[in-house]
Amino acid sequence: MNKIPYKTYLTEEEMPKAWYNLRADMKTKPAPLLNPGTHQPMKAEELSPVFCDELIKQELDNDTAYFPIPKEVYEFYKMYRPSPLVRAYCLEKALGTPAKIYYKFEGNNTSGSHKLNSASAQAYYAKKQGLKGVTTETGAGQWGTALSMACSYFDLDCKVYMVKVSYEQKPFRREVMRTYGATVTPSPSETTQIGKKILEEHPGTTGSLGCAISEAVEVAVSTPGYRYVLGSVLNQVLLHQSIIGLETEAALKKIGEKPDIIIGCAGGGSNLGGLIAPFMRDKILGKADYRIVAVEPASCPSFTRGKFAYDFADTGKVCPLAKMYTLGSNFIPAPNHAGGLRYHGMSTVLSQLYHDGYMEAVAVPQTEVFEAAEKFARIEGILPAPESSHAIKVAIDEALKCKETGEEKTIVFGLTGTGYFDLVAYEKFHDKKMDDYIPTDEDLAKSLADLPKID
Ligand SMILES: *Cc1c(COP(=O)(O)O)cnc(C)c1O
């Protein structure tokens, strides 16, 4: 019997040449972005002061199934892709499960996560448009790091607004960004009108993602030659991240495997949207059936406890309205250590699919996530990011269910990144100083009461 290798790599030639746009095959398309003032669908011209032209086209295109990956981006991808699909033999053995467990590992690049897949594409299109630079926000710092790398490669200026608490607590991420030439400003700052206003109203605030978004957008629209870029949630980001799913599909085909369950963590939905893209296509078209599971933190449970409604994307309420599962744009999650999973909303694509019953979602408390993370690090040798460990936790749970029932299911999950910059979180876990924050129904009712009224 041919044993399936521990790692399955595609060759460079086998790496997918086009991104796949899942919206093209969705029966019910995601609801359009609305202008926050008029509540009418956003037009390309309205978005062009904020976003790059080519990216706006991708954002608004619900029909084109495949977008060729530009040669320049493909060359960049080759530096760290294709990424391996790993058979977790050691984990299977340790769990004593008859299930087969695979994970797609996206942490093998300096930025340490899947975010580089979209950062490189976005930087490339900005450069092609002749722009001088881009602005963005970063919370935990993974997106800012990825974008700094991509901007340095494509020779673009990069201004990052980093949530102040992370800026102070994560000096190492900040220094990686500066190594790649980015300017990193703690947010809120005195460099923008909105930042000054927030500082006046809340002196001593440590900032939030929504506030950093507002600052980065303000700088982009008020600086000639600059645009704003975002690392998750948007349709274009899911499109770029489809490389994860397409490679996974090709690798599984190579070893003659078919998944039963596909699991991914969900912050804004980009890695999960990318991982499931080709599998969801087959499910929608009735060609195959898979269980698809989104995993979110119990402290920020957009899918499992949020509302499917139009909401603001940012605290400053300057960004378009998106119809999504949301906890309300004023929702401030408790200080969960998976910084990448703390957004109040969710991709409109995944929101629609979840609403239509194509996927499931579960919320997990963070100490259980870190127990799974530690187990995984010891057994499989990779130190996982806290975000990714949400998927690990549920993959382990599913594998243990198989142990009970004796079913030989094939489980595939997305291992989105490494946890080397998250060691303060690991420290808290080891010192038993980690809490499981779970918002009360009252907390959620309060932030959901502020949803905009759209008829
Ligand atoms: C940002 C991030 C996530 C969550 O973002 P999505 O857009 O939901 O994928 C997950 N894992 C890692 C390592 C991240 O950096």
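This chain uses plain numbering: 1 for the first residue, then up along the sequence. Atoms within a ligand are numbered from 1 in the order they appear, just like the ligands themselves. Computed from a predicted structure; not experimentally measured.
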### Query
Does atom NZ of K78 have more than 12 heavy-atom neighbours, drawn from other residues, nucleotides or ligands, at distances under 6.0 Å?
yes
### Summary
Exactly one of Y80, Y77, F76, Y180 clears ring pair (Phe, Tyr, Trp, His ring centres under 6.0 Å) with Y153, and that residue is F76
Does ligand 1 have any N/O atom under 3.5 Å from a protein N/O, and what are those pairs and their distances?
| residue | atom | partner | partner atom | Å |
| --- | --- | --- | --- | --- |
| ligand 1 | 7 (O) | S232 | OG | 2.5 |
| ligand 1 | 7 (O) | S270 | N | 2.9 |
| ligand 1 | 7 (O) | S270 | OG | 2.7 |
| ligand 1 | 8 (O) | G267 | N | 2.7 |
| ligand 1 | 8 (O) | G268 | N | 3.0 |
| ligand 1 | 8 (O) | G269 | N | 2.9 |
| ligand 1 | 9 (O) | H114 | NE2 | 3.1 |
| ligand 1 | 9 (O) | S270 | OG | 3.2 |
| ligand 1 | 9 (O) | N271 | N | 2.8 |
| ligand 1 | 9 (O) | N271 | ND2 | 2.7 |
| ligand 1 | 11 (N) | T416 | OG1 | 2.7 |
| ligand 1 | 15 (O) | K115 | NZ | 2.6 |
| ligand 1 | 15 (O) | Q142 | NE2 | 3.3 |

### Query
Crowded around F172 CZ? As in, over 12 foreign heavy atoms under 6.0 Å?
no
### Message
Looking at every heavy atom in both F331 and C300, which two are closest together, and how far apart are they?
### Response
CE2-SG, 4.1 Å
### Query
In terms of heavy-atom contacts, does NZ of K317 have more than 12 from other residues, nucleotides or ligands at under 6.0 Å?
yes
### Query
Donor-acceptor pair, D356 side chain versus Y358 backbone, under 3.5 Å?
no
